[in-house]
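Have a look at the structure below before the remarks.
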Amino acid sequence: MDKYSVSDDVRYVGVMDVDLDLFESQYPVPDGVTYNSYVILDEKTAVMDTVDQRGSSQWLANVEEALGGRKADYLVVSHMEPDHGANIARFMELHPETTVVGNAKTFPMICQFFELDTKGRTLTVKEGDTLALGRHTLQFFMAPMVHWPEVMVTYEQSEKILFSADGFGTFGTDSGFGEEWAGEAARYYLNIVGKYGVQVQALLRKAAGLDIRMICPLHGPVLKEDLGFYLEKYRIWSSYEAETHGVLIACASIHGNTAKAAEELAEMLKRKGETQVEVVDLARTDVSYAVRKAFFYDRLVAAAATYDGGVFPAMESFLEHLRAKNYQKRKVGLVENGSWAPLAAKTMRTMFEGMKQVEVEEPAVTIRSALSEESRKVMEELADKLAAQ
């Protein structure tokens, strides 16, 4: 069985998209993405979600093969986002016998996306409701704002499978497991779901009351072993804790002098005993990767040039993304550069002040065009403060 196989009665019918360049038109996916869907075969059959329109033909063929000529009794819709719900209307047209299962927030969205008459063809479920298929029983749990308001997850009681919607998903069509999984899964989670940590924590509390032996997400591999590892990662990410003790130096440099200062600061920190120090060039690194790195470490240095009386756009975009994703519980240092009116530190400080439990360490370092003996001494002071954390 491969990493997308489930069991004899639960078939994987998803689609791999290796040609997609930007997920949600903003996140680079160099290794593509999967749109996962599943079919449960029992006295009654249930199709668990559809896929993106990019995979419609392949998905429909996969479902028909799994059904083997049987009718589809139920289509369970856990999430209406188009990468999962794009084929609802087409499937209902091809399978007029199908009852669509969703919650009270699902069906208004279906009618928003499609001109579709669902009268007499829906089953509305609420928290804790069950649906018997035969040997298998589905139980539904609401997961509002993880990361849309209509999201729900489904627990299959006999095989103890959690169909987790976007939870525990990851980018990539050849995603690994364990730490190999964690890198892209973190980039996926922090950029897409990261704002909603409180809601994810609520879902994790529900999951804690279930005997889960397998997790079937809507993106990425089926998780079958060492589930504690994946649950712990979600606990860390959703509570905005750092994964490691270290420093990320995020640099936005125009002509290279701020970048040289960032590299020198990294060497200072290493000499003071820091073993985990990373410099990222915001002008040449997609912001989704930089956001993931910022959450990974427990300290951050924002080093940027002044630009148009504020801060260089690459840094402004990075900090705005951090704010939107609820960046918090971190120590931060500031390095600014300005040849005649350095204002980047003021702008960055204001942006950090809007974030929860983010403490800006003093002194802020001001560079006038290029590092000098004086500014290097101030940077040494900042390095002492950060390394003492």
Practice problem: Not counting sequence neighbours, which residues clear salt bridge (charged side-chain N to carboxylate O under 4.0 Å, His left out) with Glu159? List them please. | Solution: none
Quiz item: Would you say His147 and Asp166 make side-chain contact, with heavy atoms under 4.5 Å?
Solution: yes
Exercise. Name all residues meeting the side-chain hydrogen bond (donor to acceptor under 3.5 Å, both in side chains) criterion together with Asn62; count only those two or more places apart in sequence or in a different chain, and write none if there are none.
Key: Gln58
Quiz item: Is the Phe352 ring parallel, tilted or perpendicular to the Tyr327 ring (thresholds 30°, 60°)?
Solution: tilted
Exercise. For the pair Phe171 and Tyr27, name the ring-plane relationship: parallel under 30°, tilted 30 to 60°, perpendicular over 60°.
Key: tilted
Quiz item: Does a side-chain N-to-carboxylate-O contact under 4.0 Å join Glu267 and Lys270?
Solution: yes
Quiz item: For the side chain of Glu127 and the backbone of Met142, is there at least one donor-acceptor N/O pair under 3.5 Å apart?
Solution: yes
Quiz item: Given side chains that start at C-beta, do those of Leu371 and Asn257 come closer than 4.5 Å, heavy atoms only?
Solution: no
Practice problem: Tell me, please, which residues at least two apart from Thr34 pass side chain to side chain contact (heavy atoms under 4.5 Å, CB included). | Solution: Tyr4, Tyr12, Met16, Asn36, Thr173, His219
Self-check item: Any donor-acceptor pair under 3.5 Å from Tyr38 side chain to Val47 backbone
Solution: no
Quiz item: Is any side-chain heavy atom of Met152 closer than 4.5 Å to a side-chain heavy atom of Val125?
Solution: yes
Quiz item: Is the closest side-chain donor-acceptor distance between Gln139 and Thr130 under 3.5 Å?
Solution: no
Self-check item: Student check: side-chain heavy atoms of Ile215 and Val222 closer than 4.5 Å
Solution: no
Quiz item: Do you know which two heavy atoms are closest between Arg292 and Gly183, and how far apart they sit?
Solution: NE-O, 3.7 Å
Quiz item: Which heavy atom in Ser37 sits nearest to a heavy atom in Asp49, and how many Å separate them?
Solution: OG-O, 2.7 Å
Exercise. Enter the distance from Leu231:CG to Ile236:CD1 here, rounded to the nearest 0.5 Å.
Key: 11.5 Å
Self-check item: Criterion side-chain contact (heavy atoms from CB on, under 4.5 Å) against Arg213, the qualifying member of Lys224, Lys160, Glu225
Solution: Lys160
Quiz item: For Lys356, which residues count as a salt bridge (charged side-chain N to carboxylate O under 4.0 Å, His left out) partner, sequence neighbours excluded?
Solution: none
Practice problem: Take atom OH of Tyr307 as the centre, draw a 6.0 Å sphere, and report whether it contains more than 12 heavy atoms from other residues, nucleotides or ligands. | Solution: no
Practice problem: Heavy atoms only: give me the nearest Lys272-Ala387 pair and the separation to one decimal. | Solution: CB-CB, 3.9 Å
Self-check item: Where at least one partner belongs to residues 16-26, residue pairs that pass side chain to side chain donor-acceptor pair (under 3.5 Å), sequence neighbours excluded
Solution: Asp17-Tyr35, Asp17-Arg54
Exercise. Determine yes or no for a side-chain-to-main-chain donor-acceptor pair under 3.5 angstrom, with Arg368 supplying the side chain and Trp340 the backbone.
Key: yes
Quiz item: Between Arg90 and Glu93, is the closest basic N to carboxylate O distance under 4.0 Å?
Solution: yes
Self-check item: Over 12 non-hydrogen atoms of neighbours within 6.0 angstrom of CD in Glu65
Solution: no
Quiz item: Salt bridge check: are Glu64 and Arg70 linked by an N-O gap of less than 4.0 Å?
Solution: no
Self-check item: Reported CG-to-OG1 distance for the pair Asn87 and Thr50, which is rounded to 0.5 angstrom
Solution: 4.5 Å
Exercise. Take atom NZ of Lys44 as the centre, draw a 6.0 Å sphere, and report whether it contains more than 12 heavy atoms from other residues, nucleotides or ligands.
Key: no
Quiz prompt | Short side-chain to backbone donor-acceptor contact, Lys385 and Pro363, under 3.5 Å | solution = no
Quiz item: Of all residues at least two apart in sequence or in a different chain, which pass the ring pair (Phe, Tyr, Trp, His ring centres under 6.0 Å) check with Phe107?
Solution: none
Quiz item: Does some side-chain heavy atom of Val146 sit less than 4.5 Å from a side-chain heavy atom of Val193?
Solution: yes
Practice problem: Kindly check if the number of other-residue, nucleotide or ligand heavy atoms within 6.0 Å of CD (Gln157) is above 12? | Solution: yes
Self-check item: Side-chain heavy atoms of Met48 within contact of Thr154, under 4.5 Å
Solution: yes
Self-check item: Those residues that, when tested against Asp286, pass salt bridge (charged side-chain N to carboxylate O under 4.0 Å, His left out) (two or more places apart)
Solution: none
Quiz item: His136: what forms a ring pair (Phe, Tyr, Trp, His ring centres under 6.0 Å) with it, not counting sequence neighbours?
Solution: none
Exercise. May I ask you to decide if Gly172's main-chain N or O and Asp31's side chain share a donor-acceptor pair within less than 3.5 Å?
Key: no
Quiz item: Is a donor on one side and an acceptor on the other found under 3.5 Å between the side chain of Thr285 and the backbone of Asp281?
Solution: yes
Practice problem: Salt-bridge test for Glu380 and Lys377: reply yes if a basic N is under 4.0 Å from a carboxylate O, no otherwise. | Solution: no
Practice problem: Please list, chain by chain and in numerical order, all residues satisfying side chain to side chain contact (heavy atoms under 4.5 Å, CB included) with Thr98, sequence neighbours excluded. | Solution: Ala72, Leu75, Phe91, His95, Arg121
Self-check item: Neighbour count above 12 (heavy atom, 6.0 Å) for Glu374 CD
Solution: no
Quiz item: With sequence neighbours left out, what residues match Tyr155 under ring pair (Phe, Tyr, Trp, His ring centres under 6.0 Å)?
Solution: none
Exercise. Taking atom CD of Glu97 as the centre, report whether more than 12 heavy atoms of other residues, nucleotides or ligands fall under 6.0 Å from it.
Key: yes
Exercise. Check whether any side-chain N or O of Thr347 sits under 3.5 Å from a backbone N or O of Leu343 as a donor-acceptor pair, and report yes or no.
Key: yes
Extract all donor-acceptor atom pairs below 3.5 Å that involve side chains of residues 294-304 and protein atoms in other chains or at least two apart in sequence.
residue : atom : partner : partner atom : Å
Tyr297  : OH   : Glu278  : OE1          : 2.7
Asp298  : OD1  : Gly246  : N            : 2.9
Asp298  : OD2  : His245  : ND1          : 2.7
Arg299  : NH1  : Glu274  : OE2          : 2.7
Arg299  : NH1  : Leu386  : O            : 2.8
Arg299  : NH2  : His245  : ND1          : 3.3
Arg299  : NH2  : His245  : NE2          : 3.0
Arg299  : NH2  : Glu274  : OE1          : 3.1

Quiz item: Are the side chains of Ser164 and Cys216 in touch, meaning some heavy atoms are under 4.5 Å apart?
Solution: no
Self-check item: Euclidean distance, Asp42 CG relative to Leu138 CG, rounded to 0.5 Å
Solution: 9.5 Å
Quiz item: Are the side chain of Glu336 and the backbone of Ala305 linked by a donor-acceptor contact shorter than 3.5 Å?
Solution: no
Quiz prompt | Set of residues satisfying salt bridge (charged side-chain N to carboxylate O under 4.0 Å, His left out) with respect to Lys346, sequence neighbours excluded | solution = none
Quiz item: Which distance, rounded to the nearest 0.5 Å, do you find between the CG of Leu334 and the CE of Met348?
Solution: 5.0 Å
Quiz item: Are Phe312 and Thr258 close enough that some pair of their side-chain heavy atoms sits under 4.5 Å apart?
Solution: no
Quiz item: Looking at Arg330, Lys233, Arg235, which one forms a salt bridge (charged side-chain N to carboxylate O under 4.0 Å, His left out) with Glu241?
Solution: Arg235
Self-check item: Ion pair Lys331/Glu359, N-O distance below 4.0 Å
Solution: yes
Exercise. Grab the two heavy atoms, one from Ala89 and one from Phe114, that are nearest each other, plus how far apart they are.
Key: CB-CD2, 3.6 Å
Practice problem: Ignoring hydrogens and angles, tell me if any N or O in the side chain of Asp129 forms a donor-acceptor pair with the backbone of Lys126 under 3.5 Å. | Solution: yes
